[in-house]
Every structure is written in structure tokens, then in C-alpha cells.
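Before any comments, here is the structure.
Computed from a prediction, not measured in an experiment: that's the story for all the values here. So that the names make sense, note that chain A is the first sequence line, chain B the second, and so on, each numbered from 1.
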Amino acid sequence: MYKVIIGLEVHCELKTNSKNFSSAKNTYTNMPNVNVMPVDLGLPGILPVVNKEACKKALKTAMALNCETPDEIIFDRKNYYYPDLPKGYQITQVTKPFGRNGSVSFLVNGEEKTVLIHQLHLEEDTASLEHCSNYSLIDYNRSGIPLMEIVTEPCIYSADEAVRFLETLRNIFLYCEVSEAKSDKGQMRCDVNISLMKDTDTEFGTKVEMKNINAFTSVKAAIEYEIKRQSEILDKGEKVIQETRRIDEDGKTYSMREKVDAVDYKYYIEPNLAPVKLTDEIKNKVKSEIPELEYSRIKRYIDLGISVSDAETIARDKNISNYFDELIKNTNDLNTATNWLTIIILGSLNKLNISINELFITPTMLANLIEKVSNKELSSQLAKNILYEAMEKNIDPMEIIKKSNIKQISNEDELISIIKNIFDECPEQVNEYLNGNGKVANFLVGKVMQKTNKQANPGTSLKLIKEELERMK
Amino acid sequence: MEYKKMLIDDLRESIDTNSVSSEDLFKEANKLAHEYQSDINPFVTIIDKYSCRAKEKNILTGIPYALKDNFSTSGILTTASSNILKNYVPVYDATVYKKLKNSGAVLVGKNTLDELAMGGTGTTCHTGVVKNPWNTSRLIGGSSAGGAASVALGIVPFAIGSDTGDSVRKPAAFGGIVGFKPTYGRISRYGLFAFASSLDHVALFSRSVKDAAIVTNVLKGQDDLDMTSLKDDGKDYVATLNNDVKGKKLFYIKEACNLEAYDNPSDMLVNTIENFNKVIENCKNIGITVEEVSIDVSILNALYPSYMTISCAEATSNNSNLTGIQFGNRIDGDTYEDIMFNTRTNGFSELIKRRFVIGSYVLQKENQEKLFLNACRVRRMIVEKMHELFKTYDGMIMPASGGIAPKFGERSDTLSNEYLILENHLVIGNFGGFPSITIPSGFIDNMPVAVNITGDIFKDDLVLNIANKIEGTMNYKGQIVGDKNV
């Protein structure tokens, strides 16, 4: 067995109206080269104009990842030649990235794990290349899209941890509304660095880099494959080669190139973008826009007594979690609220293929219905049926109850007159009770329910029956 | 009346009173451009079709002008005088060009420059050397060589250039005309092919200080496409040109201007300083105080190497887009690396490659601290020194160069020690982004010489005011080649 050391570099395209340094649209499209301005083509004479929104979102994410933030915004140039890089340099951040020394915590199989963030910086995406038989095509739609890069410390020790970290990170992006983070559109992708070492080793083993993995399942497959591959090499007493590998659709990784000495990118400060001070005022404002994040909510729910898996299910999506928080503000029946949300509501959302924000049933409506059940005004089964009907027809459950005349009779005078009629109809049972068979009261409640088409409040009815009978003793 | 001798005000009046049409002015300019092209080579492209579509009429409506061939002009060939861009037709307009187009100023041609604006001789253009019209055995200087020649010849009353080290102010001196570089950011750089972004300025040639102020009035202002552009100061630079300068204080650097600082000064240097001292006398006559100030000679000697280090570093990065992949004169190859390699090998002259190698070298990890960052420190030191001096003085006045325009082959990029400071102090204006103007101050050996006035940032109005007053003490305002002021 070897100890696995993993570090991740995650790239995330930020959601903004325009690109990072030009006014071209930042939208995903299948039609090549439509969202392009001279700046994105690196034409002679162009100048970058920085996107404020992108800076704000990068700063927001850095804060959500508990990073130290800089006193000013500065960009640097990373100089290298490649056909997908039209200017011959990428505008990025080295001197003062938006975030340094952060951390993210989450649960892996119920246990808390913290991943340390080395740095978060804002840069621009490159154009995308399509290689054909004997020529290549360049699509500049992606060129200049704001890209956030998050680099972890080498502190991840398994494929599960890596995947859970990525899920947590994606949810932070979604919670903070900085990105759509869709991996199938390449909006979130990562490089995985992995090395194996013996427990007794004091130095990390040889690092292998796997580039540009989109799907989280592929990250898991790639890591598992690499652990197996590298273990076998080490078992044989051979050495792992330092190289860059890619993952194929078969879940195996293949060598792309052996790593030569590190490239010198000749970084220097971008002269066309004057430094912008990041005041406490700006920082506080951005910070105030960060909502309570997933992990904090999970912990809060667990503290309320909700199971880990339910807590995770609810907190996974900010809108569902917000819905839930609103729901439990209006009902004390946490158990029913949790069950109905995780089972009935989430199940129906899937079936109806809508988001929770599109659901007609508001948290208040649902809370009112749950209250009817916990007050025993409605049976659970009846209430569930009403809920399904309400979701299907987009009406307030209370309307259904009213229309079908399903109303609870809780008025004591009204109930007493019904009860007295029942006593007249069932003299035997009344006598049985008076002779000491208390259980017979339930039979009488049943009679009341029968008579009222199940609309009598069963609790109140029982109480009143007992009171009346006791008086007769 | 010869229109080629007229300044903007007079041309304006002539158009407005219908004594000449804008199209006639263009035709004369076009005729002169073709006439001088084979001898002097001021243009890469001469525009033969008159076009004036003013969106908002102003003082420049209908006035002919020329533009350095490193400003992006959509639909018009823009080569930066480099083989790598010899067929490049831009798809967008530089802000400066757009402003002039919207003003209805009439473009006569795109001026020849030292390849990619790197160089100070006007001899490295892909279409051949630019000659000095005062004496064709001499160079006009660069990099804005063609612009200087066009204005000196009277083809156009003004021309737009770019100034990274002295690229407008030096050729203006050698051409006997005015060269003005406003404060960094005063005029948008959007669409100016970048040489060294932190030093690049849009600058201009004219034949009077007033014309420089007129053109700057039109060109200045904030541009959303250039984040380093300054908010408009709302000032009319023409309105303050004649403000009284009594009591204003200027200084010159002793280590460059005092003959005692030189061991065996050449005749040329002696004559240059003598000319300069005459201007100082003129200044005193109109109430300007001029004092001698000493600056650490080791900093002054470091100006040129620091400039080379910084400008080459930025240039190598700025010109990394010239690979033949997106645009430009692509030379094919089997791989993308081969294409880039062949295109760049074929497209750049040796001088450019040398600068790129220097730029790359000084940015390398192991050299950056010692070379690039130290050069940036020298830059900061001299700028701080200037800021300190500008607390006491309204400006610095210096000879624009160590002498008249050299003969072809007389000197190269490397300079003799004698002139190290005098030939290179103009970069101070670029290091600090200071407004800086060169005005003609006379002749030596029948060739023009000039003085330069540099002021504190944002004080473009004051620099123009002082320059205008000093210009008024001499007889070189409006001169063109062939005038008998000599």
C-alpha cells in the first residue's frame, strides 16, 4: 500500500456579461467565432479593459474560500507562444492573486476534511483548437473569457476526497453565483497532480500531471487508474516517470509528454492596467454578498437533529436549502418537513423537471399543510394526496381542502352536539365506558369521524367525548 | 498663396471663407506627397481618394494630415514599416484616427517609421530609408520619420506619431518643426501598435506650438478602450497659450548643458550649447528664470541602458502576437512552431530580433531582478527626482539633441559617451509620462536644431504656454524646408 498525494488545479469560467478584457459577449454557443472583438484576436494596437464584474466574482470566491485577499488588483503577463493564445501572452495574476492561503471544509463519508487552498487568481481563457486531418481550426469564442484558477496544496489523499472537494467547490461557485460551473460545457475543469509514496518515505514521490479533466467521474476514474498504474510500477521496484498524461474515454490514462524543465514564462506586470486599490469598503461589500455556504448549512441541519445524508441532500442546492429554511420557520414539525422535502418535493421536481424556484407550492403553503397533519387535523396520507394534487394543478393545498369541503370541525359546541347524537345512537358503548372500559372512547371517535366525513378534529373529539362521559359517571 | 506654408488657423479661415476647398487642400497635399515620395520616402501609403465625413465639425474639419503607419486604420494597409505586416489591413480604427475622422480631418497618407517604431534613425523601414528634406545626405531621425518629413516639407500642417523614447520629439528637432508629447494617458493609445506600453505616447508634429495645442485639444480625453487614458482636464490649451510667463522658473541639467562638464567638447557640441544659451537669454528677456541644476551623473548615464532594458522587455511581449497564425505575413511550415518560427525569422529585421533577444533575456527568471527590475528602479529614481524638481520649477529646458541630424552611416544605435546624456534625456519624459515639447531654435551648418521643454504631469497647458512664449522670441514658427531663415 502506498500513500497517495493529490493536488488539484481547478479552472472555472466566470459568469459575466462580457469577456475579461473586452466587450465581446461571454456566452456559450456552438457557432464558432461569433463572440469576438479585436482584443480577443490579439490584433496590433488592442488594449485590455478589465471586467469589474469578473474581479468582483473572483474576489467573492476567494473570500468564500477563506483566502487572504490583496490590497490592490494587479495583473501580470505570462509570455508563451501557442496557436490558441492570440496575443502571445496571457493576462493572469502572479504578483497579487485575488486569494492566498485559503481553506475549504466538507464531509467525506461523514468525517470532516479540510483542503488547503494555495492560491486563487483571475486570468483569461485561451481560444479553443480543433485538430482535423491535416489542418487545425481556431475558435476565438472562448478567447478572453474570465477564468478563475484555484490551486490546492498537495493535501488530498484519495479519489473520494478529490471528488467531494470538487463537488463542494462547484457548490460554492453556485452558491456565490459566480459561475454556472457546468463541466460538460468545460466551464469547470481540472488538472490533477498525483504521486505515490511509501508510508515510511519522507519525500513526495514523482508527480504525474493529468490535464483538463471535465467530469468529476472522470477525475475519480483517472485517479483510481493512476493509483493502480503507479502502484504496479513501484511494486516492481521501478520508477514513475514525471510526465503529463491524459485520460481517455476508456477510463485509462495515456502519456502525452514527458515533463521537461519548467518553462520560464517571463512574468511581468501588465503595463496597460493600472493597479486598483481594494479598500476595506469594497471588500466588506463583496463579503456581505456571500450567502451562508453549503457546509455551514449542513452542520446547522445536523445540529437540528437531521441525518447527515438528509442534511447533505438539502444543502446541496442553495435554493432547496433556502426553501427548507423558510419551511422550518413556519412549522415545528422538523421530521415531516425534512421527509416531505427530501422525498415528496425533490422527487416531484425531478418528475416535473422543474427547479424549486419554479414550484408553485411555497414554503408557507407546505408548512400550513404540515401543520394540519401535526395538529392531527388531517391524516398524513390525506395530506400527501392533497400535496400531490396541489403540485400537479398548481394550486394552494388549502384551496383543495376548502373546495372539497375538507375542513376540520374543531368548534367544541358543534362537536358536542354531534357527540351527543352519537351517544344516543350507541347507548351500549356509553354504558361500557361508564363501566370502566376506557378504550371504547376510540370507537366513539371513529363514529364521529364517520359522521363528519373525517372532518372532525380527532384529537378534540376524543377529549370532548371523554369529558362528556366522565361527567355522566 | 501657398497653402503648404499655412498654419491650421489660416487654413481654417481659407476654408471657411471659401477661398479654398478642403478637397483642393487635399489635392495639393496629395500632389506634394507624390512629388517628394521617391526622394524622401515619407509615406508607406499615400491616399489618393479625398474623404471627409465630419460627424462633428471643429477646427480640424477639412484640414489634411498624416498618420504614422502604426495606427490601426480599418480598411487601410497598416504595416508598422515591417515585412511581417506588409499586407496587413486592420479591421478596426485606432481611437485617434476615429476622432480625426469624426472631426472631418482629411487623411493624406500613412507615414513611414522605423520598423515597429523601434529605432531612432528612420533607416529601418521595410520600404527603405527616410531622408531629411533639409539635406538628403542626412537622416531625419525616428521612429516617426515620415511624419516629421511630411510636416517639415509642408505636405501637411500636422502629423500624428508615437513617442516611446523620443520618437516624435527627436525627429521634430532634426526637421526644424514642433513635436509635442502630452502627459501619459492624455491621448488614448487604443489602436496604436504597442512598442513599450508603459512608455508609449501618442504624439504629434506641427509647425507651431499653437497648432500642437489645437490638435491636442481635439485628440485628448478619456477613452473607455484605454484604461490608462486620463479623464479630460476640460482645459482649452489654446486659450492659455499667451498667458504671462513672467516669474516662471525653468531648469536645465548641468551635467548635460554646461560645457565645463565635457573634457574635449566637439565644435558641434559647442555650437549646440551656444544655440541653447541664446534661447536661455530669450527666456530671461521675457521674464522666465532659468537655473542650472545638478543631477547624479550615474543616474543620467543609466537612462539609456534602462530605457533599452524596459522598452525591449515590453516590446518582446507586445510583439508576440506577430506569429502569422492570426494575421500577418505567414510563412508556412510543417508544425505550428515551424510556422511561427519561419514567419518571425523572415518577418523581422536583424535590429528587431536583437531587441527581442535583449527583451527576452532581461525578463528571464535568473536575470529579471538584476536587469529588468533594476532598470525599473532607475526609472523610478529619475522620475522621483523630477517630481521633486517640479515642486520648485515649472519645467526643464534642454537642447533636444547633442547636435544636428547625423549623416547616413555616421552613427548607429550605439552612441559616443560625449552625447550619452544629451542624446537621451528625452526618455525622462516617457519614464515619467511628462508633457514634453520640442521647438526649433535655429540652425547649425544649415541644419535645424531645437530645444525641448518638459513639465510636470497633467500640466500640458503650462508646457504649451511656456513653449509658445519662447517660440515667440524666435523666428522659426511655421518654417518649412527651403525657407530662408537659415
In this structure, OG of B:S198 is separated from OH of A:Y268 (nearest 0.5 Å) by 8.0 Å
Indicate the atoms forming the closest heavy-atom contact of B:F327 with A:P44, along with that distance. CZ-CD, 3.4 Å
Look at atom CG of A:N212 and say whether more than 12 heavy atoms of other residues, nucleotides or ligands are closer to it than 6.0 Å. yes
Are A:R77 and B:S320 packed together at the side-chain level, in the sense that at least one heavy-atom pair is separated by less than 4.5 angstrom? no
If you count heavy-atom pairs within less than 4.5 Å of chain B, which of A:P86, A:G42, A:A274 leads? A:P86
Select, from A:S23, A:S22, A:P83, the one with the greatest count of heavy-atom pairs under 4.5 Å involving chain B. A:P83
Given heavy-atom pairs under 4.5 angstrom as the criterion, report whether the side chain, backbone, both or neither of A:Y140 touches chain B. side chain
State, to 0.1 Å, how close B:Y190 and A:I46 come at their nearest heavy-atom pair, and which atoms those are. CE1-CA, 4.0 Å
So for A:N272, is it side chain, backbone, both, or neither that comes closer than 4.5 Å to the heavy atoms of chain B? both
Should we say atom NZ of B:K98 is surrounded by more than 12 heavy atoms from elsewhere, each under 6.0 Å from it? no
Looking only at heavy atoms, what is the nearest atom pair of A:Y82 and B:M340, with distance? C-CE, 3.7 Å
Where does B:E314 contact chain A at under 4.5 Å (heavy atoms): side chain, backbone, both or neither? both
Does A:K96 NZ have over 12 foreign heavy atoms under 6.0 Å away? yes
Over 12 non-hydrogen atoms of neighbours within 6.0 angstrom of NZ in B:K365: no
Measure the CG-CG distance between A:N79 and B:N318 for me, rounded to the nearest 0.5 Å. 9.0 Å
Rounded to the nearest 0.5 Å, the OG1 atom of B:T228 sits from the CG atom of A:L47 at a distance of 6.5 Å
Does any heavy atom of chain B fall under 4.5 Å from the side chain of A:P38, the backbone, both, or neither of them? side chain
Within a 6.0 Å radius of atom CD on A:E177, are there more than 12 heavy atoms belonging to other residues, nucleotides or ligands? no
Got more than 12 heavy atoms from elsewhere within 6.0 Å of CZ, B:F341? no
Gap between atom CD of B:Q368 and atom OH of A:Y267 - 0.5 Å precision: 11.5 Å
Among B:F372, B:Y92, B:Y88, which residue forms the greatest number of heavy-atom pairs with chain A at distances under 4.5 Å? B:Y92
Within a radius of less than 6.0 Å around NZ of B:K353, do more than 12 heavy atoms belonging to other residues, nucleotides or ligands occur? yes
When rounded to the nearest 0.5 angstrom, what is the spacing between CG in B:N319 and OH in A:Y89? 10.0 Å
Can you tell me how far the CG atom of A:L43 sits from the CG atom of B:N321, to the nearest 0.5 Å? 8.0 Å
Over all atoms of both residues, closest heavy-atom pair of A:V50 and B:M227: N-SD, 3.1 Å
Between B:S188, B:G191, B:P90, which shows the greatest number of heavy-atom pairs under 4.5 Å with chain A? B:G191
Is B:A313 in contact with chain A via its backbone, its side chain, both, or neither, using a 4.5 Å heavy-atom distance? backbone
If we count only N and O atoms by modelled type, under 3.5 Å, do the side chains of B:S317 and A:K266 hold a donor and an acceptor together? no
Which heavy atom of A:D264 sits nearest a heavy atom of B:E366, and at what distance? OD2-OE1, 4.2 Å
Heavy-atom pairs under 4.5 Å with chain A are the metric here; pick the option from B:T316, B:V91, B:L192 that has the most. B:L192
